[in-house]
2 protein chains.
Amino acid sequence: MSITFADPTILSHDELEEGTAFAPRFDAQGLVTAVTTEAGSGRVLMVAHMNAQSLALTLETGEVHYWSRSRAKIWKKGESSGEIQKLIEMHTDCDQDVLLLTVEQTGRGAACHTGRKSCFYRIVKVDDGAVKLLDSGEPRLFDPKAVYGL
Amino acid sequence: MSITFADPTILSHDELEEGTAFAPRFDAQGLVTAVTTEAGSGRVLMVAHMNAQSLALTLETGEVHYWSRSRAKIWKKGESSGEIQKLIEMHTDCDQDVLLLTVEQTGRGAACHTGRKSCFYRIVKVDDGAVKLLDSGEPRLFDPKAVYGL
């Protein structure tokens, strides 16, 4: 990989928050949080993680790569499902430990492994002191059993 | 605090992902990731963390409380700056380790401690193999030196 990042530990607070050096603050596991939104609508599709290699691959190829914590490997989004994410834009936050991705969600338009567009298909509702989840009615765009054999 | 949450470790995979029990999967530090968006625009304002107490306080009071990792304490958003966040809606994701908050950002409308509306005010740009940050021109809505004495 040819893209490299600045070292956040040698930057001043002001350089980190106001400067032009891209210095992702990977955590103890070597990961940053990635929030992925849909181009056009701005809707939040999913939240995942990236290590340095998946971040570099994303910037180099224009296709989004995450780090799968459960499988402990690079995860090119859509490699199994066909739901590739094309990177349109990337932002970093003030202290450079979160990335905000704007993507075109290809395939059937489902970012979530359940077959829905977004992973955020349930609303947290408080009713008379009790908390429950309410399905927001987000449709499935594919059948996960057919796609993943789950 | 009166609001309590279900235990995710006793739920089946299907109950966790498709059920009505709200069972936040707090990590080893007792935290879930919270992505906060602006009501109306849907714009991502910030990303922070919540523990069980801050999550319960948020649902009970309708005002957003996070857990400050740097200060290791409950952090009512706006307690110093006046930039209170009123909770409009909350979603959870498929595996219940991320919360998506829709808020009305009160005060001067700045979620970021730098005085900007959003923490995502810099774009990651790749130019001829080198990566740099580009200021998106997001205006400051308050002067952080005046508000925090930084």
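Just so it is clear, the values below take in all heavy atoms, side chains as well, and ignore hydrogens, waters and symmetry mates. Each chain gets a letter, A, B and so on, in the order its sequence line appears, and its residues count up from 1.
- Put simply, A:Phe22 and B:Val126 are part of the same group of oily side chains (I, L, V, M, F, W, Y) that touch within less than 4.5 Å, one to the next.
- Interface summary for chain A: among B:Ala130, B:Gly19, B:Ala21, the most heavy-atom pairs under 4.5 angstrom belong to B:Gly19.
- Side-chain contact check for B:Arg69 versus A:Asp97: some heavy-atom pair is nearer than 4.5 Å.
- Between B:Glu89 and A:Ile123, the closest side-chain pair of non-hydrogen atoms falls below 4.5 Å.
- Contact between B:Glu17 and A:Thr114 at its shortest, heavy atoms only, is OE1-CG2, 3.9 Å.
- Residues B:Met90 and B:Phe5 share a single hydrophobic cluster, defined by chaining ILVMFWY side chains whose heavy atoms lie under 4.5 Å apart.
- In this structure, CE on A:Met46 lies 13.5 Å from CG on B:Leu100, to the nearest 0.5 angstrom.
- With a 4.5 Å cut-off on side-chain heavy atoms, B:Phe120 and A:Val98 count as touching.
- Hydrophobic clustering keeps B:Ile84 apart from B:Trp75 (ILVMFWY residues linked when any side-chain heavy atoms are closer than 4.5 Å, directly or through intermediates).
- Heavy-atom distances place both the backbone and the side chain of A:Thr92 under 4.5 Å from chain B.
- Atom SG of B:Cys119 and atom NE2 of A:His91 lie 12.0 Å apart (nearest 0.5 Å).
- Heavy-atom distances place the side chain of A:Thr37, and not its backbone, under 4.5 Å from chain B.
- Of the listed residues A:Thr33, A:Asp95, A:Val44, the one with more heavy-atom pairs under 4.5 angstrom with chain B than any other is A:Val44.
- Interatomic distance, A:Arg122 CZ to B:Asp93 CG, rounded to the nearest 0.5 Å: 8.0 Å.
- Most heavy-atom pairs under 4.5 Å with chain A: of the set B:Leu99, B:Val35, B:Val47, B:Val131, this distinction falls to B:Val131.
- B:Val32 and B:Leu16 are assigned to two separate hydrophobic clusters, defined by single-linkage of ILVMFWY side chains at heavy-atom distances under 4.5 Å.
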So A:Gln96 and B:Leu133, side-chain contact (heavy atoms from CB on, under 4.5 Å) or not? Walk me through it. CA-CA 11 Å; A:Gln96 302 208 40; B:Leu133 298 179; 3.5 Å; yes
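- Hydrophobic clustering (side-chain heavy atoms under 4.5 Å, transitive across Ile, Leu, Val, Met, Phe, Trp, Tyr) keeps B:Leu141 apart from B:Val103.
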